[in-house]
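Quantities reported herein were computed from a predicted structural model and do not represent experimental measurements. Within every chain, numbering begins at 1; the chains are lettered A, B, ... in the order of the sequence lines, protein sequences first and strands thereafter.
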Number of protein chains: 2
Amino acid sequence: MDITLEQIAKLASVSPATVSRVINNHPNVRQVVRDRVRAVIEQVGYAPNAAARSLATKQTNIIGLVIPQEPEQNIKNDPIGFFTTLSQHIARACSDHNKYLMLSMITPDQSTQFYRDIVRGGHIDGLIVGCGTMEDPVLPVLLGSKIPTVMVGRNPYYPDVYCIDADNFSGAVQAVTHLIERGRRRIATITLSLGGGAGLDRHSGYKRALLQHGFTIDPALIVETRYPDVSGPDAMRRLLQLATPPDAVFLGSDMIALEALAVIRDAGLRVPEDIALVGFDDHPLAAVSTPPLTTVRQPVAAMGRRAVELLLQLLDEDTSQPRFMALPTEFVVRQSS
Amino acid sequence: MDITLEQIAKLASVSPATVSRVINNHPNVRQVVRDRVRAVIEQVGYAPNAAARSLATKQTNIIGLVIPQEPEQNIKNDPIGFFTTLSQHIARACSDHNKYLMLSMITPDQSTQFYRDIVRGGHIDGLIVGCGTMEDPVLPVLLGSKIPTVMVGRNPYYPDVYCIDADNFSGAVQAVTHLIERGRRRIATITLSLGGGAGLDRHSGYKRALLQHGFTIDPALIVETRYPDVSGPDAMRRLLQLATPPDAVFLGSDMIALEALAVIRDAGLRVPEDIALVGFDDHPLAAVSTPPLTTVRQPVAAMGRRAVELLLQLLDEDTSQPRFMALPTEFVVRQSS
DNA sequence: TGGTATATTGAAAGCGCATTCAAGCAGAAA
DNA sequence: TTTCTGCTTGAATGCGCTTTCAATATACCA
């Protein structure tokens, strides 16, 4: 904020241009000169002004991370925070790549202004968007931007956006296959909203696993949660009221699984003896519930890292990357199944 | 990134200076002209270039948030994330104040470079530093910066830095008073490291409450955790081995409380019948443990908001603010006490 | 009506850096 | 020695915006 490139130039008895070359590691500077300049820079603790540099180069080294903020949504479905954890990993990945991270939690009404100020204002080089709910009105605004953008979490409405997601499908297949192998024969599922990528993919995996093992799909065993009409507990109660209740349930998320667990216990049934449960996410609570939950762990860290790397590749004009990448999940067997 | 102020000027048939005035709401522009310029801006969707603006004004509207990253520390003591949650609230507060947030999770070896690039490079106007551990080598580097800085979490080594913290002392007093009122007579405590502000303050509160009610302080009932030498379980075991074990324990954190809970149960004792427990933080796990934990909730949201507001005041040259502010905690009674 | 005070406006000079272009230089080739 | 080539360097320009400073237009007063 204080000392400028020009002063460095004077101190090192060279032109500003040469100092600039040294800073940016241009090859054509004599080693002696380079060393001399570097010494001066080191000595006075000079750091080039970010704004000036951005103005000249038209790039900022900042990447934006937008977590669409739906107050209700976040509190209800993400109490401990997938996106929260994700942003930590993204932040770390940025540091490791010498990029800066601008984090925004914006509500729909702030999205337009955000887009104008940040994106059009040239504040950031690229954008990572966390995809919460499908119909989020923030998305069209952000995804319409001209700067490279990566979405975390598949959104079927925007198939042409570069996207990183967990392999929800395979994770679900594995979970349901596990239940089959443990001898369960009447396997139900309570899905997330099927309007979303995660909900759809996990639901597809459930069906696939059943079909693959010669089961028939029984629509009565599939209940979709739909807040606020059909909550997790509602869904579980519905399953228990069937003439022949299921002997296992694959849940769309650990939070729903925990709710289901409570309902089952209230009904006087035991987990896993009467009904086996498998969740999804490996939420921190899953490991400490009673009984601990068998679940499918999302590769949050990998997703964050990969999202950053992909964005950097896009910034590098590398268009050879696939539009969609599903990162492998990890199956965690505990005592609920 | 595309259309400039100059072009707006042309389109509106005024000088660039006037457009600038309109953008920055300077008073001395005729209303007609102002409206005309605004119309053009709106129509073409112009947004001023952030870098150019920063270069000219020497301010960025970005505030930096640094979460010192000690890999081990975070995983062990902050699994669900005080800082993680805090940063969400800080991000939201920034949005609300039309500021941008640059989030950095830096490890000690990245701190020097960070300081140079970001702070000296004029990337940010002010800094919020999350204070993890006291001896964090990142702190002296950051806190030595010339830009306004706010620390979240008291650090006794840097008493002159503006700081926001939870009122750990009063929270602890309340917790221990509660135990006394429930008839407990031999109240122990397992403290966080007493090298840190939170550990110290909660420990002081414990003593204060006892003294206030005519108890004497029994050193045998105070165990300080010191990773890796004295873990939470170690500390609890030590208390149980006393000739007369305590009938209540005030824990430095919910995570330690959960560990203690397990140890107590393994010893065949019951909570709260044999030993009452009160934790601190209101960690998400506290509400769902068996039994649910009585605890002291940290005002994370308020801390984040207040930190941002304080920083903005400092940026505004308002030096009338107190150096230290302790935000009230909330006592949450559950079944462990 | 003339004159002064005030409200509006524009021209121009940076802000600190990157980069183009041309000049300077040393060494290689002739 | 001369000429040509390739490597180093510096001068100058511009990135897009803000901000004096001076000029003009408008208002007000007598």
- Any residue meeting side chain to side chain donor-acceptor pair (under 3.5 Å) with B/Asp117, in chain and number order, not counting sequence neighbours: A/Tyr100, B/Gln113
- Message: Output the rounded distance in Å from CD (B/Gln59) to P (C/dG16).
- Response: 15 Å
- Item | Spacing between B/Asn61 atom CG and D/dT18 atom P, to the nearest angstrom | 11 Å
- Evaluate the side-chain proximity of B/Asn155 to B/Cys163: yes if any heavy-atom separation is below 4.5 Å, no if none is. no
- By nearest-nucleotide position on DNA chain C, the 5'-leaning member of B/Leu55 and B/Val14 is B/Val14
- Item | Non-hydrogen side-chain atoms of B/Asp165 and B/Met325 separated by less than 4.5 Å | no
- Item | Presence of B/Tyr46 side-chain N/O under 4.0 Å of D/dC17 phosphate oxygens OP1/OP2 | yes
- Measure the OG1-CG distance between A/Thr107 and B/Asp96 for me, rounded to the nearest 0.5 Å. 7.5 Å
- Which is true for A/Leu5 with a 4.0 Å heavy-atom rule: it touches a base, it touches only sugar-phosphate, or it touches nothing? sugar-phosphate
- Query: Rounded to the nearest 0.5 Å, how far apart are CD of A/Gln31 and CZ of A/Arg36?
  - Reply: 12.0 Å
- Query: How far does CD of B/Gln88 sit from OG of A/Ser87, to the nearest 0.5 angstrom?
  - Reply: 5.0 Å
- Query: In whole Å, what is the span from the CD1 atom of B/Ile8 to the P atom of C/dG10?
  - Reply: 15 Å
- Item | Rounded distance (Å) that lies between atom C1' of D/dG16 and atom CD of B/Glu6 | 9 Å
- Task: Find the distance B/Gln7:CD to D/dG16:P and express it as a whole number of Å.
- Result: 9 Å
- Query: Can you find a heavy atom in the side chain of A/Leu101 that is under 4.5 Å from one in the side chain of B/Met105?
  - Reply: no
- Message: Which residues in residues 19-30 of chain B have a heavy atom closer than 4.0 Å to any atom of DNA chain C?
- Response: B/Arg21, B/Asn28, B/Val29, B/Arg30
- Note on the structure: Regarding the side chain of A/Thr57, the nearest nucleotide among C/dC17, C/dA18, C/dA11 is C/dA18
- Specify the closest pair of heavy atoms between A/Asp125 and A/Leu315, including all atoms of both residues, with the distance to one decimal. O-CD2, 3.3 Å
- Message: Between B/Met151 and B/Ile164, is there a side-chain heavy-atom distance shorter than 4.5 Å?
- Response: no
- Determine whether B/Val308 and B/Met303 make a side-chain contact, defined as any pair of heavy atoms from C-beta on separated by less than 4.5 Å. no
- Does OP1 or OP2 of C/dT9 have a side-chain N or O of B/Thr18 closer than 4.0 Å? no
- Looking only at side-chain N and O atoms, does A/Ser15 come under 4.0 Å of OP1 or OP2 in D/dA11? no
- Write down the distance between CD (A/Gln31) and P (D/dT9), rounded to a whole number of angstrom. 11 Å
- Whole-Å distance, A/Lys10 NZ to D/dA11 P, equals 11 Å
- Message: From the set D/dC17, D/dG14, D/dA11, return the single nucleotide nearest to any side-chain atom of A/Ala56.
- Response: D/dG14
- Task: May I ask you to evaluate whether B/Lys58 reaches the phosphate of D/dT18, defined as a side-chain N or O under 4.0 Å from OP1 or OP2?
- Result: no
- Query: How sharply is the helix from C/dT1-D/dA30 to C/dA30-D/dT1 bent, taking the axes over five pairs at either end and rounding to 10 degrees?
  - Reply: 40°
